[in-house]
Every structure is written in structure tokens, then in C-alpha cells.
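In what follows, a structure is listed as C-alpha cells, so that the remarks can point back to it.
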Amino acid sequence: MAPAAVRPRSRNVAGGREVLARNRVGTPRTGPGGCTVSRVNTVVARAPHASVVINYDTGRTELRPTFDAVTALGATVVHLPETVLTWGTVEQSAAPPEPAPAPLRWRILAVPVVLATAAAGVCGPRRNRFSRLVRLACSGRDLRPATVGQARHAVRAVRWAAQCMPMRWACLEDSAAAALALTVVRRRAEWRHGVAADPVRLHAWIAGPDGAPVEEPADTALYTPTYTPDGPGTARATRRYDRE
């Protein structure tokens with residue numbers, strides 16, 4: 001275990017447009033016998049001025065001032081585009097969008113889906129909450145892709161049903177529930193979790209077949225995907241489907 005003086009301070013991320021605090025650079029975690037802990041499900045989002053390390057098994061996120069080759073060993077590296085430093089002078093909206101109308105059948109479907117997503121978030125060890133929601137969002141990966149209309153109905157219906165949830169309900173829960181709704185109707189949701197720089201922040205959303213965010217504000221285009229239903233890394237350009 002790393003000495004207390006260099007142990008990285010981190011936080012469990014549950015999606016959301018969260019601005020990360022600065023973290024001290026630490027050493028890679030090691031298991032019994034000094035073996036490096038598996039980082040198969042870890043992504044290093046590399047920007048010119050910093051790197052964000054996201055462990056999708058634990059939800060642990062670290063902000064490092066420089067690219068750490070040791071940390072990247074066994075991890076997927078995603079390069080973030082260069083941005084002009086704003087030094088915190090750009091405002092970012094934190095208010096969730098107002099739910100738009102959705103067909104009745106989708107709203108009826110969204111009620112149990114939202115409850116199931118909430119149960120996945122609160123049932124089980126807290127340390128595994130993030131990974132449970134990620135698995136839920138990726139559950140329909142082998143299905144045929146949803147159309148833009150189906151994705152739009154799912155997102156709108158989930159936001160309508162989640163208005164009265166007496167718990168945290170941010171973009172991770174929102175997008176995971178929309179992905180689950182599409183899975184129920186036997187369609188694949190193009191779920192995305194990504195990173196934007198300056199300030200460093202995370203977000204989760206649903207994309208259409210063309211990769212464009214569905215029912216999202218324009219600034220979602222600033223986020224680079226770091227995880228999709230196909231696993232860590234950016235979205236694949238082509239995909240083969242074996243079933244009609």
C-alpha cells in the first residue's frame with residue numbers, strides 16, 4: 001500500500017457534471033505479493049495539461065498533473081482534444097433539462113425502469129454502486145441499435161418518471177435508466193460516459209446511431225467518450241449485428 005504521504009485522494013464518481021478537485025499523484029495500487037491490480041476496466045483520459053484516470057470497476061477517479069505511463073499500463077488511453085484554457089471563466093449549466101413530452105406507452109414503461117435503476121443504485125455495497133449502474137447501462141449491447149426516435153422517447157420518458165425520485169438522480173442514473181428502457185424493448189442504447197477538460201468534468205448521456213447526443217444541451221459535444229456499451233475507450237466506428 002502506498003504511504004499515507006503519497007496516497008492519492010480520490011472520489012467515487014456517480015456520473016454527473018462534476019468538477020474534480022486536485023488530487024496528489026500517488027503510486028499504482030498493488031495486491032498480494034506486490035502484484036499490480038488489474039486495470040483492464042480503467043481509462044486514462046489524457047489532455048495536454050493533465051490526465052484523468054477512471055476505474056470503471058470501483059468508480060474511483062484521479063486527476064493527475066501529467067501522463068503517468070505506469071498508471072496507463074493495462075489501461076485504455078483516450079486522448080482528449082486540445083482546449084483553450086479558460087481559467088474557470090466559462091459557466092457550465094448544472095440544472096437538469098426540463099422533461100419533454102413522451103408517448104404514454106413509454107411513460108408507463110419508464111416507471112418500473114426508473115425504480116429498477118434506483119434499486120440497482122442503492123442495493124448492494126456502496127463502493128460498487130458506480131459499476132452496477134455502468135453494467136446496467138451496457139446491458140443491451142448485443143441488441144440491434146435503437147433509432148433516434150426510440151432513444152428520444154426513452155430519455156424523455158425516464159426524465160418524466162424520475163421527477164419525484166427522493167434520491168440523487170443525475171446524468172448517470174438518467175442515462176442508465178434510458179438505456180435499460182431501450183433494452184426492455186429489445187434495442188441497444190448507445191450509452192456514453194465521457195470527460196471534458198477545463199474544468200475537468202464527467203458526464204453520461206445517450207447518443208443516437210450517428211453518435212450525436214440525444215436530448216442533451218449543445219455543450220455535451222465538449223465531452224470525449226471514455227466508455228461505451230462495448231467497453232472502455234471511444235465509440236467504435238463500425239459494428240456488426242448478427243440478428244435482425
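Leu172 is not connected to Val114 by any chain of hydrophobic side-chain contacts under 4.5 Å among Ile, Leu, Val, Met, Phe, Trp and Tyr, and they are in different clusters. No path of Ile, Leu, Val, Met, Phe, Trp and Tyr side chains, each step under 4.5 Å between heavy atoms, connects Val214 with Trp160, placing them in separate hydrophobic clusters. There is no path of hydrophobic side-chain contacts, each under 4.5 Å, that joins Val155 to Trp169. Hydrophobic clustering, with ILVMFWY side chains joined whenever heavy atoms are under 4.5 angstrom apart, keeps Val158 apart from Val134. In the hydrophobic clustering of ILVMFWY residues, with side-chain heavy atoms under 4.5 Å counting as a link, Ile206 and Val148 come out apart.
To the nearest 0.5 Å, the span separating OG1 on Thr117 from CG on Leu136 amounts to 5.0 Å. Distance check, rounded to the nearest 0.5 Å: OG of Ser51 to CZ of Arg64 gives 8.5 Å. Atom OG1 of residue Thr61 and atom CD1 of residue Ile54 lie 5.0 Å apart, to the nearest 0.5 angstrom. Atom CZ of Arg132 is separated from atom CZ of Arg127 by 9.5 Å, given to the nearest 0.5 angstrom. For the atom pair Leu109 CG and Leu182 CG, the distance stands at 8.5 Å (nearest 0.5 Å). Note that the CE atom of Met165 and the CG atom of Asp174 stand 11.5 Å from one another [nearest 0.5 Å].
Of the possible polar contacts, none joining the Asn128 side chain to the Ser131 backbone as a donor-acceptor pair under 3.5 Å is found. Checking side-chain atoms of Arg141 against main-chain N and O of Pro229 turns up a donor-acceptor pair under 3.5 Å. Side-chain N or O atoms of Arg201 include one that pairs as donor or acceptor with a backbone N or O of Pro199 at under 3.5 Å.
Taking 4.5 Å as the limit, some side-chain heavy atom of Tyr56 sits within range of a side-chain heavy atom of Val43. Inter-residue side-chain proximity for Leu143 and Arg186 is flagged as met; some heavy-atom pair is nearer than 4.5 Å. A 4.5 Å side-chain heavy-atom check between Thr147 and Pro209 finds every atom pair outside the cut-off.
The minimum heavy-atom distance linking Thr228 with Gly233 is given by the pair CG2-O, 3.8 Å. Minimum heavy-atom separation, Ala47 to Leu80: CB-CD1, 4.0 Å. Leu180 and Ser139 make their closest contact through CD1-OG, 4.4 Å (heavy atoms, listed as atom of the first residue, atom of the second, distance). What you find for Thr226 and Gly194 is that their closest heavy atoms are OG1-CA, 3.7 Å. Closest approach of Ala100 and Arg156 over heavy atoms only: CB-NE, 3.5 Å. Closest approach of Tyr223 and Leu202 over heavy atoms only: CE2-C, 3.8 Å.
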Quiz prompt | side chain to side chain donor-acceptor pair (under 3.5 Å) evaluation trace for Ser175 with Trp205 | solution = CA-CA 5 Å; Ser175 59; Trp205 69 96; over 6 Å; no
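Taking the six-membered ring where tryptophan is involved, the planes of Phe130 and His193 are perpendicular, since the angle between them exceeds 60° and thus also 30°. Using the six-membered ring where Trp is involved, His153 and Trp106 have ring planes that are tilted, between 30° and 60° apart.
Taking 4.0 Å as the cut-off between side-chain N and carboxylate O, Glu190 and Arg188 count as a salt-bridged pair. Taking a cutoff of 4.0 Å between a charged side-chain nitrogen and a carboxylate oxygen, Arg159 and Glu216 qualify as a salt bridge.
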